[in-house]
Amino acid sequence: MADSKDVGSLAENIVRGTDRSLTTSAIPAGPTDATPRDDLADTINQVFALFRLNYHNQFYAAYADTTQLNQIKRLWLEALSSFTAESILTGAKRAIEDSDYLPTLKRMLDCCQLALERLGVPPLRDAFIEACEKPSPKLAQTWSHPVVYFAGRDSDWFFLSNNAERMTLPVFKGHYDRWVARLSRGETIVLPTRAELTEPATVAMSREERQQALSKLRETLDL
């Protein structure tokens with residue numbers, strides 16, 4: 001089994017998307033245009049690449065048949081679909097560091113849930129429902145975590161409240177994954193204050209002030 005330091009370094013590279021060579025029996029891509037489901041499939045492929053590297057003999061003994069491996073990956077994709085890509089990769093790293101044995105799906109579910117809990121963010125579906133149900137004004141509400149607010153804001157509140165879940169959930173997931181990834185990298189994310197969102201009030205100029213400003217402009221333009 002690989003050294004824990006090597007595991008951490010490799011996992012970090014994969015999280016950043018810099019190690020694209022570790023693919024094996026990739027889940028077949030869907031439509032040509034990238035979708036959140038395609039992104040999740042890519043994440044699952046990366047997880048199994050990590051497993052192959054760290055549990056070499058166990059991996060090939062358990063997944064000797066490529067067709068069976070792809071079926072198992074699809075099962076994992078469905079089971080882990082409520083988690084962010086970041087929490088899945090973090091969960092895989094934890095599973096590798098904590099055990100000398102190839103993790104089961106149940107173990108991965110536990111590790112992914114723990115990764116979310118340590119960040120203090122809710123699961124994807126809970127966050128989605130929260131974002132859809134919070135009334136306006138949004139900033140006046142109490143949020144389970146700032147990333148839920150920002151993911152909803154970036155998804156567009158009107159879009160979330162006026163379209164079917166099959167359209168809105170994938171959009172929300174993309175933004176939620178991005179904000180959770182920023183949080184996991186150590187970024188401090190806080191809700192904006194109302195003062196930060198309020199533009200300075202425009203003060204009307206008096207007639208004398210307008211004349212003075214016009215005079216200055218003429219002098220500048222040498223009129």
Side-chain angles (χ1 to χ4, degrees), residues 1-116 123-128 164-178 180-181 184:
M1 183 172 168
D3 182 84
S4 61
K5 184 176 179 181
D6 293 335
V7 171
S9 176
L10 176 63
E12 183 65 23
N13 284 338
I14 289 184
V15 168
R16 293 177 180 176
T18 57
D19 192 342
R20 295 300 179 183
S21 63
L22 293 177
T23 56
T24 177
S25 300
I27 301 175
T32 303
D33 295 335
T35 66
R37 188 176 177 86
D38 293 335
D39 293 339
L40 181 58
D42 183 58
T43 300
I44 298 300
N45 286 330
Q46 292 178 47
V47 165
F48 275 81
L50 273 174
F51 290 167
R52 184 191 64 171
L53 181 69
N54 288 275
Y55 303 104
H56 187 81
N57 292 335
Q58 291 182 45
F59 183 92
Y60 284 109
Y63 307 125
D65 182 77
T66 300
T67 300
Q68 180 189 42
L69 174 58
N70 283 334
Q71 292 174 345
I72 292 172
K73 284 185 177 184
R74 291 189 179 93
L75 173 64
W76 281 49
L77 187 150
E78 295 299 331
L80 299 174
S81 62
S82 63
F83 293 99
T84 67
E86 194 76 20
S87 63
I88 292 173
L89 290 170
T90 301
K93 176 183 175 183
R94 179 177 178 82
I96 290 169
E97 292 176 339
D98 288 355
S99 177
D100 292 333
Y101 299 99
L102 194 65
T104 62
L105 176 55
K106 174 62 168 61
R107 174 60 180 159
M108 268 296 296
L109 286 166
D110 292 342
C111 288
C112 292
Q113 183 61 42
L114 183 60
L116 282 180
L124 171 65
R125 182 156 188 80
D126 291 349
F128 173 71
E165 180 179 318
R166 61 183 174 79
M167 296 175 59
T168 56
L169 180 57
V171 173
F172 180 84
K173 183 182 186 305
H175 292 297
Y176 195 58
D177 280 352
R178 178 169 55 84
V180 171
S184 69

Any donor-acceptor pair under 3.5 Å from Q58 side chain to D100 backbone: yes
CE-CD1 distance between M108 and I88, expressed to the nearest 0.5 angstrom: 6.5 Å
Value rounded to 0.5 Å, distance of OG1 in T84 from CZ in R178: 13.0 Å
Pairwise distance SG(C112) to CG(L105) - rounded to 0.5 angstrom: 9.0 Å
Residue list, salt bridge (charged side-chain N to carboxylate O under 4.0 Å, His left out) with D126, at least two apart or on another chain: none
Worked verdict on L169 versus R125 for side chain to side chain contact (heavy atoms under 4.5 Å, CB included): CA-CA 8 Å; L169 180 57; R125 182 156 188 80; 4.1 Å; yes
Step-by-step side chain to side chain contact (heavy atoms under 4.5 Å, CB included) determination, K173 to D177: CA-CA 6 Å; K173 183 182 186 305; D177 280 352; 2.7 Å; yes
F48 and Y63 aromatic centres sub-6.0 Å: yes
V47 vs K73, side chain to side chain contact (heavy atoms under 4.5 Å, CB included): CA-CA, chis, key distance, verdict: CA-CA 10 Å; V47 165; K73 284 185 177 184; over 6 Å; no
Plane angle bin for F172 and Y176 - parallel if under 30°, tilted between 30 and 60°, otherwise perpendicular: parallel
D39 side, atom CG; I44 side, atom CD1 - distance, nearest 0.5 Å: 12.0 Å
Atom of A115, atom of G91 and distance for their closest heavy-atom approach: CB-N, 4.4 Å
Distance, nearest 0.5 Å, that separates CG of L50 from CZ of F59: 10.5 Å
Spacing of W76 atom CH2 and L69 atom CG [to the nearest 0.5 Å]: 10.5 Å
Distance-minimising heavy-atom pair for S81 and L124: O-CD2, 3.8 Å
Residue pair A95 / Y55: nearest heavy atoms and the distance that separates them: O-OH, 3.6 Å
Working for side chain to side chain contact (heavy atoms under 4.5 Å, CB included), residues L109 and F83: CA-CA 9 Å; L109 286 166; F83 293 99; 3.8 Å; yes
Closest contact, heavy atoms only, A181 versus S184: O-OG, 2.8 Å
